[in-house]
Asker: 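My questions all concern the structure below.
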Amino acid sequence: MSESYWRFVKPIWDTVSIYDGGEVFLREFNKVTDKQKVLFATHWAQSEIMNGGLGQFFCNRTGVLAPEAVNGFNFLGMTQCSETLKSAMKFFGDTYPRDRSTREEYFEKFYEEFGEDKIPLKVYEDRMATAIEDENGGFEAAADNYANKG
């Protein structure tokens with residue numbers, strides 16, 4: 001992991017909770033600097049997505065910060081990541097649910113309708129992974145560049 005961007009994430013890693021719901025997350029998230037917001041949200045998003053896809057990101061507690069990740073990717077100059085994630089969020093309707101159990105219900109409904117062997121956000125999976133790896137030099141380079149801006 002790069003020290004360049006991580007130096008902004010590490011100090012808030014244990015103070016901004018993604019584990020206690022949207023209200024707690026937003027309260028703690030809004031106490032940190034703008035640079036920390038961008039890097040924290042995008043770090044979590046890319047980490048989860050690259051580990052287990054959009055399904056993992058949205059079904060895990062990390063999904064609480066999806067709107068902030070959309071915004072953050074724009075600041076990193078990763079507009080394709082931002083747009084793809086924003087499009088994938090429409091799976092949940094007009095208003096993105098920060099509540100994990102609500103997001104899980106959407107996936108359950110999908111599987112009931114289309115079967116367990118179908119991938120709910122398949123159209124976005126490869127596009128998102130490729131953008132994280134390649135856009136603006138790839139996530140780590142883009143995050144480092146953003147971290148090093150004055």
Asker: Is the ring centre of F92 less than 6.0 Å from the ring centre of F58?
Answerer: yes

Asker: What's the separation between atom NE2 in H43 and atom CD in E140, rounded to the nearest 0.5 Å?
Answerer: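 Reported value, rounded in 0.5 Å steps: 10.0 Å.
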
Asker: Not counting sequence neighbours, which residues clear side chain to side chain contact (heavy atoms under 4.5 Å, CB included) with N136? List them please.
Answerer: M78, A142

Asker: Quick one: are the ring centres of F91 and F107 less than 6.0 Å apart?
Answerer: yes

Asker: Looking at residues at least two apart in the chain, or sitting in another chain, which of them share a side chain to side chain contact (heavy atoms under 4.5 Å, CB included) with T79?
Answerer: N74, E135

Asker: So, applying side-chain hydrogen bond (donor to acceptor under 3.5 Å, both in side chains) with S17, which one of D14, D20, T15 is it?
Answerer: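 Filter result, single survivor: D20.
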
Asker: Test: ring pair (Phe, Tyr, Trp, His ring centres under 6.0 Å). Region: residues 125-150. Which pairs qualify, not counting sequence neighbours?
Answerer: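 Every pair satisfying ring pair (Phe, Tyr, Trp, His ring centres under 6.0 Å) with a residue in residues 125-150: Y5-F139.
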
Asker: Say whether W13 and V24 are linked into one hydrophobic cluster, either directly or through other cluster members, by side-chain heavy-atom distances under 4.5 angstrom.
Answerer: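 Different clusters.
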
Asker: Does the side chain of F57 come within less than 4.5 Å of L65's, by heavy atoms?
Answerer: yes

Asker: So, the side chain of K149 versus the backbone of D144: is there a donor-acceptor pair under 3.5 Å, distance only?
Answerer: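 Answer holds: no.
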
Asker: Give a yes or no on whether the backbone of I18 and the side-chain of R61 come within a donor-acceptor separation of less than 3.5 Å.
Answerer: no

Asker: Going through the distances and angles, do R103 and Y96 end up as a side chain to side chain contact (heavy atoms under 4.5 Å, CB included)?
Answerer: CA-CA 9 Å; R103 293 190 308 271; Y96 180 77; 3.1 Å; yes

Asker: I need the L39 CG to R7 CZ distance, nearest 0.5 Å.
Answerer: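 Taking CG in L39 and CZ in R7, the distance rounds to 9.0 Å.
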
Asker: Under the side chain to side chain contact (heavy atoms under 4.5 Å, CB included) criterion, do I12 and F29 qualify, and how do the steps go?
Answerer: CA-CA 9 Å; I12 64 169; F29 188 77; over 6 Å; no

Asker: Excluding sequence neighbours, so at least two apart, what forms side chain to side chain contact (heavy atoms under 4.5 Å, CB included) with A129?
Answerer: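 Partners of A129 by the side chain to side chain contact (heavy atoms under 4.5 Å, CB included) criterion, ordered by chain and then number, come out as M50.
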
Asker: Please work out which of the three classes, parallel, tilted or perpendicular, describes the rings of F40 and W44, given edges at 30° and 60°.
Answerer: perpendicular

Asker: If you measure only the distance, is there a donor-acceptor pair under 3.5 Å linking the side chains of Q36 and T33?
Answerer: yes

Asker: Given E68 and L26, is the side chain to side chain contact (heavy atoms under 4.5 Å, CB included) satisfied, shown in steps?
Answerer: CA-CA 10 Å; E68 289 71 26; L26 288 172; 3.5 Å; yes

Asker: Can you tell me how far the CD1 atom of I132 sits from the OG1 atom of T84, to the nearest 0.5 Å?
Answerer: 9.0 Å

Asker: Enter the distance from E105:CD to R100:CZ here, rounded to the nearest 0.5 Å.
Answerer: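 Here the rounded value is 13.0 Å.
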
Asker: For T102 versus P97, what's the shortest heavy-atom pair and its separation?
Answerer: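 Closest heavy-atom pair between T102 and P97: CG2-CB, 3.6 Å.
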
Asker: Is it the case that the side chain of N51 and the backbone of S47 share a donor-acceptor pair, with hydrogens and angles ignored and the cut-off at 3.5 Å?
Answerer: no

Asker: Would you please name every residue forming a side chain to side chain contact (heavy atoms under 4.5 Å, CB included) with S101, sequence neighbours left out?
Answerer: D99, E104

Asker: Counting N and O atoms only, with roles assigned by atom type, does the side chain of S82 sit under 3.5 Å from a partner on the main chain of V70, one being a donor and the other an acceptor?
Answerer: yes

Asker: Distance-only, no hydrogens or angles: does the K37 side chain make a donor-acceptor pair with backbone N or O of G72 under 3.5 Å?
Answerer: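 No.
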
Asker: When rounded to the nearest 0.5 angstrom, what distance separates NZ in K35 from CZ in F75?
Answerer: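 Spacing of NZ (K35) from CZ (F75) equals 11.5 Å.
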
Asker: Which heavy atom of A147 sits nearest to which heavy atom of S4, and what is that distance?
Answerer: CB-O, 3.4 Å

Asker: Using atom types as modelled, flag every donor-acceptor pair under 3.5 Å from a side chain in residues 116-128 to any protein atom, sequence neighbours excluded.
Answerer:
| from | atom 1 | to | atom 2 | distance (Å) |
| --- | --- | --- | --- | --- |
| E125 | OE1 | L54 | N | 3.0 |
| E125 | OE2 | L54 | N | 3.1 |

Asker: Rounded at 0.5 Å granularity, tell me how far CG in L76 sits from CG in N145.
Answerer: 9.5 Å

